[in-house]
Amino acid sequence: MRSKFELIFIGVTIAITLVFFVVIGSMFLIPTFDGFINALFSEEMAFAVSLTLFTSLISATVIMICCIPMAYTLARYEFPLKRLFKIIIDLPMAFPEIVVGIALLMFLGSNGIGDYLEILGIELVFNTTGVIIAQFFVALPFAVKTLYSTFNYIDPRYEFVSRSLGYGEIATFYNVTLPLAKKGLFATIIIAIARCIGTFASVLFVGGGILMKTETLAVSMYLNLSTGDIDLSITAGILLVIISFITIAVMEKYAKESYTSSF
Amino acid sequence: MYLEIEDLSVDLGEFHLKNINLNLEKGEYLVLIGPTGSGKSVLLETIIGFYNPTKGTIKLKNKLLNDVPPEVREISIVYQDTVLFPNMDVYDNIAYGAQKKFSKEEVAEKINKIAKKMKIEHILHRNIDTLSGGESQRAALARALIVEPKMILMDEPFSALDVSTQAKLTSLIKNVCKEYKTTCIHVTHNFNDVWNLADRVGVMKDGKIHQLDSTTEVFSRPENNFVADFVGVQNIFEGNIIEISPEVAKIEIGHGTIINSSDIYCITKINKKYKKDITKKKQHDHERIKVLIAIRPENIIFSNEKFESSARNQMKGKILEIIESGPTVLVNVAIDDHIFKGLLTKSSADILSVKKNKEIYISFKSLNVNIISDYERFNQ
């Protein structure tokens with residue numbers, strides 16, 4: 001027999017989740033079947049899907065390479081102005097994504113270091129690199145935050161014991177810390193990929209939102225909505241939902257399996 | 001000396017170790033006791049190299065360890081909650097350090113040998129989350145010992161175990177450490193560990209070692225009021241020396257209650273220190289030498305009548321409280337403004353028919369009245 005407390009909490013959870021499901025699911029009912037199929041197999045949609053997946057995977061990889069040492073540093077080491085560094089890293093999570101986009105555009109464009117980079121033959125805005133940079137800046141703070149909690153949760157005495165048994169810092173990190181952080185690492189990968197796939201405003205600014213050049217799924221939704229092509233726009237939205245759902249479901253299942261098999 | 005720690009200080013922001021001096025012979029077993037937060041674990045983790053000293057030196061076999069990383073020090077550590085790696089089974093946990101030092105064949109051979117000794121052969125391929133507390137602790141000990149460390153540090157290794165497992169592991173550790181001639185520092189809150197394992201005891205508080213001595217010395221001759229209280233002396237009174245000879249000191253603890261002490265060690269020290277002034281001090285009450293005296297409750301004898309005995313201290317009081325604790329009874333007796341605490345067995349309590357408000361005599365030998373030698377610190 002469930003208590004009243006339990007029933008109320010379960011009820012609230014189910015009700016709100018159902019609202020989410022209905023709102024997201026209603027998008028699937030908007031286009032006609034023919035319109036959806038035509039949009040799905042259009043050249044523009046194929047480009048948007050491949051660009052989104054390609055840039056998101058590259059960004060997520062770079063994010064993971066950067067966020068592991070960053071999160072570990074913040075969790076384990078003390079250094080001057082550590083608190084300030086933490087605030088700066090967390091900052092992009094607190095303000096709208098558009099601010100990151102404008103800041104990046106200003107910094108990388110001709111108002112910032114753009115002219116100098118141009119002399120060196122490097123172009124970082126209005127191209128695929130720009131999309132990756134925008135995704136990196138938006139998703140990195142979320143990844144660092146998640147992995148920081150994971151490292152913080154691991155008892156440092158596991159590392160102490162490993163070192164007392166003859167293993168140096170790197171070997172201990174590889175043999176003990178990373179395996180113990182496996183679940184958190186998977187969660188971080190999920191968050192990083194999901195954030196990269198869903199990044200819109202900053203990608204629009206830094207990538208330029210150029211049709212068939214820097215057109216990710218999120219940008220495609222916006223571009224087609226502004227030109228009145230509802231089928232393409234909604235199809236891009238549906239694909240975003242499906243890709244995100246599959247990413248999270250697969251990663252969560254894999255993370256759970258590898259976690260339970262190692263414990 | 002095997003381990004030499006000189007003037008060691010560690011600053012961890014909110015916590016400090018202050019001027020620790022500690023020497024250990026090879027094969028010696030030191031037990032550290034002290035209240036929670038006294039710095040025992042920090043001291044162990046500084047010896048092993050997880051914290052850097054701000055001052056002082058740590059030498060092992062004459063080699064300065066201050067800047068040597070933990071992986072090179074060859075010192076193992078065992079924690080209360082074992083800290084076995086959850087992503088490895090028991091075998092891999094034990095093999096973890098050994099495979100760094102020995103060949104694969106040697107590791108297998110050594111694991112078999114130590115598993116037999118620790119009686120864990122049957123659990124070698126079990127996941128660590130299926131182990132009982134005792135099995136986990138045996139595995140953790142095996143993991144620490146297999147690498148043949150120069151020293152082993154144990155941080156409350158038995159605290160989470162039941163009494164019978166504790167007893168088994170205590171005798172196991174004793175035998176294994178003797179056999180491997182391992183030098184040990186063992187942190188505990190359990191006085192049984194002290195009596196069963198220690199060659200010497202260190203009593204810590206607020207990042208300092210307050211007394212480092214043999215078990216008997218620490219328990220019978222605490223150096224200050226904190227140590228006396230911590231090791232369970234229970235009867236600690238402040239008083240003034242009103243008369244002193246080379247053998248006996250008469251100490252007034254207030255309202256005419258006078259206690260005789262034959263603590264020769266401290267009496268000699270006091271006589272030496274106040275040789276010139278002692279007579280003068282006797283003349284002026286406000287200048288008398290203040291001391292602390294400590295009497296263990298088990299040294300107090302109860303009787304219903306006054307009796308002739310060699311005990312120089314005999315007093316009459318009223319029973320204030322009777323506290324039963326397992327097979328013993330703690331009896332609090334009020335004498336003037338002071339409460340003396342004595343221990344009786346249940347059958348003795350029945351024979352004496354102790355009850356609240358009953359008048360009773362207490363006696364104790366002057367030899368069992370310890371003068372706390374650190375009384376100057378107390379007086380400041």
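Chain A is the first sequence line, chain B the second, and so forth, proteins listed ahead of strands; every chain is numbered from 1.
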Toward chain B, the part of A:Glu169 with a non-hydrogen atom under 4.5 Å | backbone

In terms of heavy-atom proximity below 4.5 Å to chain A, should B:Val147 be classed as side chain, backbone, both, or neither?
-> side chain

Would you mind checking which part of B:Glu45 comes under 4.5 Å of any heavy atom in chain A, side chain (CB onward), backbone (N, CA, C, O), both or neither?
-> side chain

Rounded distance (nearest 0.5 Å) linking atom CZ of A:Arg157 with atom OG1 of B:Thr82 | 8.5 Å

Under a 4.5 Å heavy-atom cut-off, does chain A meet the side chain of B:Leu84, its backbone, both or neither?
-> backbone

Between OG of A:Ser164 and CZ of B:Arg143, what distance do you get to the nearest 0.5 Å?
-> 7.5 Å

More than 12 heavy atoms from other groups under 6.0 Å of NZ on B:Lys178 | no

Determine whether more than 12 heavy atoms belonging to other residues, nucleotides or ligands lie under 6.0 Å from atom CZ of B:Phe15.
-> yes

Checking B:Ile77 against chain A: side chain, backbone, both or neither under 4.5 Å from a heavy atom?
-> both

Just by distance, do the side chain of A:Tyr167 and the backbone of B:Tyr96 share a donor-acceptor pair under 3.5 Å?
-> yes

Around atom CZ of A:Phe137, are there more than 12 heavy atoms of other residues, nucleotides or ligands at under 6.0 Å?
-> no

Which atoms form the tightest heavy-atom contact between A:Gly168 and B:Glu71, and what is the distance?
-> CA-OE2, 3.4 Å

Quick check: are there more than 12 heavy atoms from other residues, nucleotides or ligands sitting under 6.0 Å from CZ of A:Phe28?
-> yes

Are more than 12 heavy atoms from other residues, nucleotides or ligands located less than 6.0 Å from atom NZ of B:Lys18?
-> yes

Relative to each other, are the rings of A:Phe160 and B:Tyr51 parallel, tilted or perpendicular (30° and 60° limits)?
-> perpendicular

Greater than 12 external heavy atoms within 6.0 Å of A:Phe173's CZ = yes

Would you say A:Phe5 has more than 12 foreign heavy atoms packed within less than 6.0 Å of its CZ?
-> no

Is the CG atom of A:Leu84 crowded by more than 12 outside heavy atoms at less than 6.0 Å?
-> yes

Look up atom CG in A:Leu165 and atom CD in B:Glu74, then write down how far apart they are to the nearest 0.5 Å.
-> 11.5 Å

Heavy-atom closest pair (A:Val161 atom, B:Phe85 atom, distance to 0.1 Å) is CG1-CZ, 4.1 Å

Close side-chain approach of A:Pro156 and B:Phe50, heavy atoms under 4.5 Å | no

